[in-house]
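Report on one structure; see the data block that follows.
The structure presented is a predicted model; accordingly, all values stated were derived computationally and were not measured.
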Amino acid sequence: MTSSLFRGRPRCATAHIRVRVAHAVVGAFAGAGWLLLPVMTAGGDTPVPASPQPVAGAAAPHQDETSTPDLVLPLVAVGAAGVLAGYGYLRRTRRARTRTTPGVVPAAPPAATPLESERQARAALVLADDCVRGSEEELSFVRELFGEQRTEPFIRALLAARTELSAAFAIWRRYEAGVPGDAGAGRQALVGVIGRCAEAGRRLDAEAAELDQLRALEQGVGEALAVAERRFRELTARTAAAQHTAAGLREWYALSAGAAVAGHVEQAKDRLVFATSRLNETRQAADSGDMARAVRQLRAAEGGVFQAGVLVGGVERLAAELAEAAALVPAALTGGEAEIAEARKNGGRTSLATGELHARLAHADGVLAAVRAELTRGPYDPLDALRRVARAVERLEVGRSGAVAAAALLVARGQVGVAEDFVAVHRGAVGAEARAVLAEAVRVLEPAGGGRADEADRLAGQARDLAERDVRAHGSPWAEAAGQAVGLPGAVLGGILLTEEPEAGPPVSFGGPGTRGRRRLPEPAEAAEPAEPAEPAGPPPGGPRAGRD
């Protein structure tokens with residue numbers, strides 16, 4: 001049976017209208033009868049005159065006196081019935097148009113199409129991920145200045161936001177894989193993604209005001225500026241060392257070994273140049289008393305310093321991982337040979353057919369022989385060598401332990417780190433798909449996610465490829481502005497600035513969608529002035545995020 005909520009006008013509404021119409025008809029008939037009653041009774045009660053003259057003279061005045069009230073009262077009754085019927089009709093019509101109770105349900109707005117819901121979910125994932133990453137940038141400077149104890153509430157909020165974001169990415173990945181298959185459950189999954197992202201932003205927004213109160217930048221930026229300048233000087237020295245390290249990687253290893261950090265040093269220099277100009281602007285604004293501008297420039301400078309640290313740290317980490325991998329390759333080869341021998345000995349206990357097992361054993365032998373030849377021939381890529389050994393042994397389905405398992409874990413961690421760094425410094429152009437795949441790689445690498453190193457390595461490589469595709473498609477639409485605002489294209493590409501305005505605004509800051517791009521902190525002197533128009537949490541149409549969802 002179809003509910004009245006879905007049929008529009010219910011039966012009771014029609015019944016009410018019929019009752020009112022019936023009342024009006026009955027009233028009309030009653031009035032008409034009352035109107036005709038005196039006419040009908042006048043002819044029957046008049047006596048027959050014995051003499052025409054006297055009776056006529058006496059009867060005429062009597063008829064004139066009694067006919068007037070008999071006609072007025074029926075007319076009044078008929079008019080009252082008509083007024084009541086009209087009032088009931090108008091009242092019923094007005095209630096039908098404005099009613100919000102189940103009696104008459106107004107037309108519901110059209111539901112969002114699946115395509116629109118997916119677009120909203122992608123945008124929510126990108127925004128929440130940007131909020132988490134931007135909050136981490138500012139919080140790193142706050143922790144350095146105030147210590148772990150005083151920043152504990154903000155650390156907890158950031159961890160809670162990350163947890164919500166991870167859950168949102170996990171739901172999105174299952175939705176993309178077609179789980180659940182039911183259309184209604186799929187819509188609920190998208191609602192869950194959007195809700196989790198909103199909760200992540202709410203956790204950060206709730207602590208933004210308290211963090212501003214702790215920093216008290218509107219009262220002075222001296223201490224915060226000193227921390228940023230100290231980290232800037234340290235990074236300047238590390239960048240010069242990283243340049244020599246990157247050059248050494250090209251000499252010591254194969255070209256593919258250092259491909260993951262190609263261009264990192266140049267990008268780090270660009271971020272430092274941007275940070276230099278913003279630090280100078282911060283000091284000048286503070287000296288002139290323009291604290292709102294000083295705060296904006298300081299936050300932009302902190303973002304540039306932080307991302308320069310990410311880029312330089314990527315070069316340093318890769319150099320350490322390559323050295324560790326080179327030391328592990330001989331042990332991994334030995335462990336691989338032992339597992340190949342185990343597979344030959346217990347081949348009947350695997351799920352592989354005999355022919356398939358022999359083919360995989362031959363492939364594993366060939367991989368190990370090729371790696372040994374590379375070791376003796378000259379420069380090679382240690383991480384790639386470990387990856388090939390681990391994958392060849394994994395296909396034998398005999399399990400891994402010892403050096404081979406350690407090799408797989410080292411490779412996976414390195415690949416995840418490379419993808420994380422790339423997304424962090426290019427988040428102004430990276431879309432939801434790459435971020436979701438990266439989040440899945442992080443999840444499966446953790447012990448709670450199964451500790452599947454091979455799967456994490458594969459997913460991280462896929463995430464890096466997707467992110468690079470997004471960056472290539474995005475390009476650098478602000479190249480012409482580089483001469484007017486130093487480092488502006490890189491800052492917008494890195495998500496440090498939320499728009500391409502040369503005046504560094506609004507820079508990213510700790511907080512969710514409602515607070516991360518705040519232009520200024522509240523100042524007592526400006527309390528009576530009109531507030532500036534609110535800036536959007538993301539760039540305007542055609543800005544750095546246009547078309548990447």
Side-chain angles (χ1 to χ4, degrees), residues 133 235-275 304-326 329 374 378-388 410-431 434-435 437-438 441 456-476 478-479 482 487 489-496 544 548:
R133 293 179 184 276
L235 273 171
T236 301
R238 287 174 57 193
T239 302
Q243 187 169 8
H244 292 289
T245 300
L249 295 180
R250 292 190 292 269
E251 296 178 2
W252 303 329
Y253 306 105
L255 292 178
S256 61
V261 296
H264 273 39
V265 174
E266 289 72 18
Q267 293 182 60
K269 290 180 179 179
D270 180 75
R271 299 294 196 277
L272 289 177
V273 170
F274 171 80
V305 171
F306 183 91
Q307 291 197 6
V310 171
L311 292 162
V312 172
V315 176
E316 296 170 344
R317 185 183 64 248
L318 179 61
E321 289 171 351
L322 286 171
E324 184 178 356
V329 167
E374 290 175 1
Y380 72 106
D381 184 347
L383 285 172
D384 182 65
L386 291 180
R387 177 181 290 109
R388 286 183 288 155
L410 175 62
V411 169
R413 286 177 176 171
Q415 188 76 299
V416 169
V418 167
E420 281 278 8
D421 292 348
F422 189 88
V423 172
V425 299
H426 298 89
R427 65 172 182 263
V430 177
R435 299 175 193 240
V437 176
L438 177 57
D457 178 37
R458 183 187 65 80
L459 289 170
Q462 180 184 355
R464 171 69 186 271
D465 292 340
L466 291 171
E468 289 181 341
R469 182 199 64 185
D470 290 341
V471 173
R472 287 194 300 269
H474 177 269
S476 181
W478 305 282
V492 175
L493 185 63
I496 299 171
R548 65 187 174 114

Exercise. Just wondering, do Glu324 and Leu410 contact through their side chains at under 4.5 Å, heavy atoms?
Worked result: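 They are in side-chain contact.
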For this session: Side-chain contact test, heavy atoms from C-beta onward, threshold under 4.5 Å: evaluate it for Asp457 versus Arg387 and give yes or no.
Result: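 SC-SC contact between Asp457 and Arg387 confirmed.
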Exercise. Side chain to side chain donor-acceptor pair (under 3.5 Å): which pairs involve residues 247-260, sequence neighbours left out?
Worked result: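 For residues 247-260, and leaving out neighbouring residues, the side chain to side chain donor-acceptor pair (under 3.5 Å) pairs sorted by first residue read Ser256-Asp381.
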For this session: Go through Val416 and Arg413 one step at a time and tell me if the side chain to side chain contact (heavy atoms under 4.5 Å, CB included) criterion holds.
Result: CA-CA 5 Å; Val416 169; Arg413 286 177 176 171; 5.9 Å; no
Can you name the nearest heavy-atom pair linking [X] to [Y], along with the distance?
X      : Y      : answer
Ala268 : Ala308 : O-CB, 3.9 Å
Ile496 : Arg427 : N-NH2, 4.3 Å
Ala429 : Asp470 : O-CB, 3.4 Å
Ala463 : Leu438 : CB-N, 3.7 Å
Gln415 : Ala460 : CG-CB, 3.5 Å
Val305 : Ala275 : CG2-CB, 3.8 Å

Problem set entry | The single option from Leu311, Val265, Val315 passing side chain to side chain contact (heavy atoms under 4.5 Å, CB included) against Thr239 | Val265
For this session: For side-chain hydrogen bond (donor to acceptor under 3.5 Å, both in side chains), just list the numbers for Gln307 and His426, CA-CA rounded to whole Å, side-chain angles, deciding distance to a tenth of an Å, and then say yes or no.
Result: CA-CA 10 Å; Gln307 291 197 6; His426 298 89; over 6 Å; no
Exercise. Out of curiosity, Thr245 OG1 to Leu249 CG, how far, rounded to the nearest 0.5 Å?
Worked result: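 Rounded to the nearest 0.5 Å, the OG1-CG separation comes out at 7.0 Å.
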Exercise. Taking it one step at a time, do Val418 and Phe422 satisfy side chain to side chain contact (heavy atoms under 4.5 Å, CB included)?
Worked result: CA-CA 6 Å; Val418 167; Phe422 189 88; 5.6 Å; no
Problem set entry | Listed once per pair and sorted, the salt bridge (Lys or Arg N to Asp or Glu O under 4.0 Å) pairs that draw on residues 309-322, sequence neighbours left out |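 Sorted pair list: Arg238-Glu316, Arg317-Glu321, Arg317-Asp421.
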Exercise. Ion pair present between Glu420 and Arg464, side-chain N to carboxylate O less than 4.0 angstrom?
Worked result: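 Not counted as a salt bridge, because no side-chain N and carboxylate O are separated by less than 4.0 Å.
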Exercise. If you measure from the Lys or Arg side-chain nitrogens to the Asp or Glu carboxylate oxygens, is any gap between Arg388 and Asp384 under 4.0 Å?
Worked result: yes
Problem set entry | Chi angles and distances behind the side chain to side chain contact (heavy atoms under 4.5 Å, CB included) call for His474, Leu493 | CA-CA 9 Å; His474 177 269; Leu493 185 63; 3.8 Å; yes
